[in-house]
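Since the structure comes first, as structure tokens, the remarks are kept for the end.
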Amino acid sequence: MKNWKWISLSLASTALLAACGNGGSTADSSAEASSEKSSELTVSTFAIGEDVIRSDVFAPFEEENGITIIAEVGNSSERFTKFQNNPNNTIDVIELSQANAASGVSEDLFEPLDETKVPNIANLIDSAKELTEDGSGPAYTVNSIGIIYDEAAAGMTIDEWSDLWDPALAGKISIPDITTTFGPAMVYVASDFKGTDITTDDGAAAFEALTELKPNIVKTYTKSSDLANMFQSGEIVAAVVGDFAYPIISGSNPSVQYVVPESGTYANFNTLNVNKNSKNKELAYAYINWKLSKELQEVTAVSLNEAPTNKEVVLDEATAANKTYGAVSERAKAIDFTFVNANYEAWIAEWNKTLNQ
């Protein structure tokens with residue numbers, strides 16, 4: 001993967017990267033784990049592709065380490081809020097979008113990362129490594145938003161964000177809710193539509209644009225997997241969605257196509273963090289090392305449509321399609337999550353007033 005250095009990440013850097021050795025397979029991971037480790041590991045993860053996560057990610061680690069993984073699933077915001085509000089939760093590892101990870105770091109909810117126990121960090125692309133510089137967890141994948149649509153049903157070509165505001169799409173599109181991973185990115189897109197730098201007006205122009213977009217919106221969704229049924233029923237002809245959801249939607253709706261506008265997209269990293277209160281920290285570190293391995297990321301690039309963060313993974317053209325990789329990564333812009341989090345509560349209130357009434 002190339003040209004990632006320019007993406008500026010919002011999490012503050014407070015520590016230099018420690019020197020790391022190389023790591024690889026689950027065997028390497030298990031070697032790091034304590035001989036007194038628990039027989040169970042609780043992982044909070046994303047709901048999309050649950051069966052594939054169980055077979056391709058969890059099962060090999062369980063077999064290699066002789067343990068059982070207990071999964072908590074849901075979208076990032078829901079799971080983080082639950083985690084945040086329960087200091088006695090039993091989560092060992094939590095997988096989060098970048099915005100929620102930033103909040104967790106600022107609230108001191110995570111174990112400061114011991115990079116010596118996660119040797120595969122040494123093999124990450126530079127921008128994914130940067131997320132570890134404040135002592136929090138590394139990024140195991142990067143994704144971005146695009147437009148998925150059925151051209152025949154839409155009766156038009158959609159290849160730019162501005163097309164979503166076309167009156168011909170009245171009552172025909174869906175966008176991510178503000179509380180989802182890419183909700184803030186949608187606010188950025190709306191601000192761009194108005195030609196305004198979002199940091200100059202705290203999103204005021206964006207919400208003017210969203211008010212103008214409202215007649216075209218059937219629903220703001222919280223689970224991207226719901227879009228498959230919405231396309232199938234004819235409820236929508238287009239949606240704004242993260243690239244990771246494309247295989248699930250297209251699997252039941254082969255007529256849809258995924259487009260990343262030439263004007264650019266917005267990127268998000270999904271991170272791995274260890275609960276500060278985990279009683280299974282050694283096993284948690286081993287799991288994180290497995291998630292960052294070349295071996296696993298080559299598999300999940302295909303089965304879960306996850307763009308790799310391990311720089312040793314090289315994707316062929318077919319596998320790279322519909323991912324934040326190569327040419328798409330070059331036009332992916334960063335979201336300032338420090339800025340987003342400072343405005344988030346106000347945005348949620350304005351979003352609900354604008355779109356959910």
Side-chain angles (χ1 to χ4, degrees), residues 20-74 76 79 83 89-96 110-111 113-124 128 132 137-141 143 225 244 247-248 251 270-275 277-315 319 323:
C20 303
N22 292 326
S25 67
T26 51
D28 295 329
S29 300
S30 62
E32 295 292 324
S34 167
S35 58
E36 298 179 0
K37 67 190 178 188
S38 170
S39 62
E40 292 183 347
L41 183 74
T42 302
V43 177
S44 177
T45 188
F46 294 87
I48 193 166
E50 289 181 56
D51 292 342
V52 178
I53 291 171
R54 173 60 62 186
S55 62
D56 291 0
V57 180
F58 291 170
F61 186 82
E62 289 173 322
E63 183 177 357
E64 187 70 30
N65 291 274
I67 59 105
T68 298
I69 291 178
I70 308 300
E72 177 193 74
V73 299
S76 182
R79 290 182 295 103
F83 177 86
N89 72 76
T90 58
I91 301 298
D92 296 307
V93 178
I94 186 165
E95 301 178 2
L96 295 169
F110 306 139
E111 178 76 5
L113 188 69
D114 183 347
E115 295 183 26
T116 66
K117 296 180 179 180
V118 190
N120 277 322
I121 286 177
N123 299 325
L124 296 182
T132 69
Y140 67 91
T141 189
N143 39 63
S225 54
F244 54 81
I248 290 178
N270 287 347
T271 68
L272 295 148
N273 295 280
V274 178
N275 183 359
N277 299 321
S278 169
K279 294 180 172 57
N280 301 316
K281 291 187 175 73
E282 296 298 318
L283 192 57
Y285 278 127
Y287 175 79
I288 289 175
N289 199 52
W290 165 233
K291 286 279 287 189
L292 302 181
S293 70
K294 177 176 182 287
E295 175 186 351
L296 179 59
Q297 291 198 6
E298 286 176 339
V299 172
T300 56
V302 176
S303 64
L304 289 170
N305 199 45
E306 291 183 344
T309 55
N310 187 313
K311 63 188 176 186
E312 295 184 344
V313 179
V314 178
L315 304 182
T319 306
K323 291 182 180 64

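Note that this is a predicted model, so its numbers are computed, not measured.
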Apply side chain to side chain contact (heavy atoms under 4.5 Å, CB included) to L292 and L124, showing your working. CA-CA 8 Å; L292 302 181; L124 296 182; 4.1 Å; yes
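- Of the possible donor and acceptor atoms, one in the side chain of Y285 sits under 3.5 Å from a partner among the backbone N and O of D114.
- In this structure S278 satisfies the side-chain hydrogen bond (donor to acceptor under 3.5 Å, both in side chains) test together with D92, sequence neighbours excluded.
- Side-chain atoms of K117 and E282, non-hydrogen and from C-beta on, do get closer than 4.5 Å to each other.
- Once rounded to the nearest 0.5 Å, the distance linking CG of L283 with CG of N65 reads 6.0 Å.
- Here the CG-CH2 distance, from L296 to W290, works out to 4.5 Å after rounding to the nearest 0.5 Å.
- Between Y140 atom OH and T271 atom OG1 the span is 8.0 Å, to the nearest 0.5 Å.
- In this view, I248 and I48 satisfy the side-chain contact (heavy atoms from CB on, under 4.5 Å) rule, not counting sequence neighbours.
- A donor-acceptor pair under 3.5 Å links the side-chain atoms of N289 to the main chain of N120, judged by distance alone.
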Side-chain donor-acceptor distances from residues 49-61 under 3.5 Å, at least two apart:
unit_1: R54; atom_1: NH1; unit_2: E62; atom_2: OE2; d: 3.0
unit_1: R54; atom_1: NH1; unit_2: I69; atom_2: O; d: 3.4
unit_1: R54; atom_1: NH2; unit_2: I69; atom_2: O; d: 3.3
unit_1: S55; atom_1: OG; unit_2: D51; atom_2: O; d: 3.3
unit_1: S55; atom_1: OG; unit_2: V52; atom_2: O; d: 3.2
unit_1: D56; atom_1: OD2; unit_2: S303; atom_2: OG; d: 2.8

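- Using a distance-only test at 3.5 Å, with no hydrogens or angles considered, no donor-acceptor pair links the side chain of S44 to the main chain of I91.
- Under a 3.5 Å cut-off, the side chain of E298 and the backbone N or O of V313 do not form any donor-acceptor pair.
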Give the C-alpha distance, both sets of side-chain angles, the deciding distance and a yes or no for side chain to side chain contact (heavy atoms under 4.5 Å, CB included) between L96 and F110. CA-CA 12 Å; L96 295 169; F110 306 139; 3.7 Å; yes
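- When all heavy atoms of L315 and P308 are compared, the closest pair comes out as CD1-CD, 3.7 Å.
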Begin from the C-alpha positions of V118 and L272 and carry the test side chain to side chain contact (heavy atoms under 4.5 Å, CB included) through to its verdict. CA-CA 11 Å; V118 190; L272 295 148; over 6 Å; no
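- With rounding to the nearest 0.5 Å, the separation of OG1 in T42 from CD1 in I70 is 6.0 Å.
- Nearest heavy-atom pair across V73 and A47 is CB-CA, 4.0 Å.
- You'll find the side chain of N270 reaches within 4.5 Å of the side chain of N143, heavy atoms only.
- Checking side-chain atoms of K294 against main-chain N and O of N310 turns up no donor-acceptor pair under 3.5 Å.
- Using a 4.5 Å heavy-atom threshold, the side chains of L304 and T141 count as separate.
- Shown here are the salt bridge (Lys or Arg N to Asp or Glu O under 4.0 Å) partners of E72, two or more places apart in sequence or in another chain: K82.
- Looking only at side-chain heavy atoms (C-beta outward), N280 and Y287 stay at 4.5 Å or farther from each other.
- Distance check, rounded to the nearest 0.5 Å: OG1 of T309 to NZ of K291 gives 9.5 Å.
- With sequence neighbours excluded, the residues forming a side-chain hydrogen bond (donor to acceptor under 3.5 Å, both in side chains) with T45 are E95, listed by chain and number.
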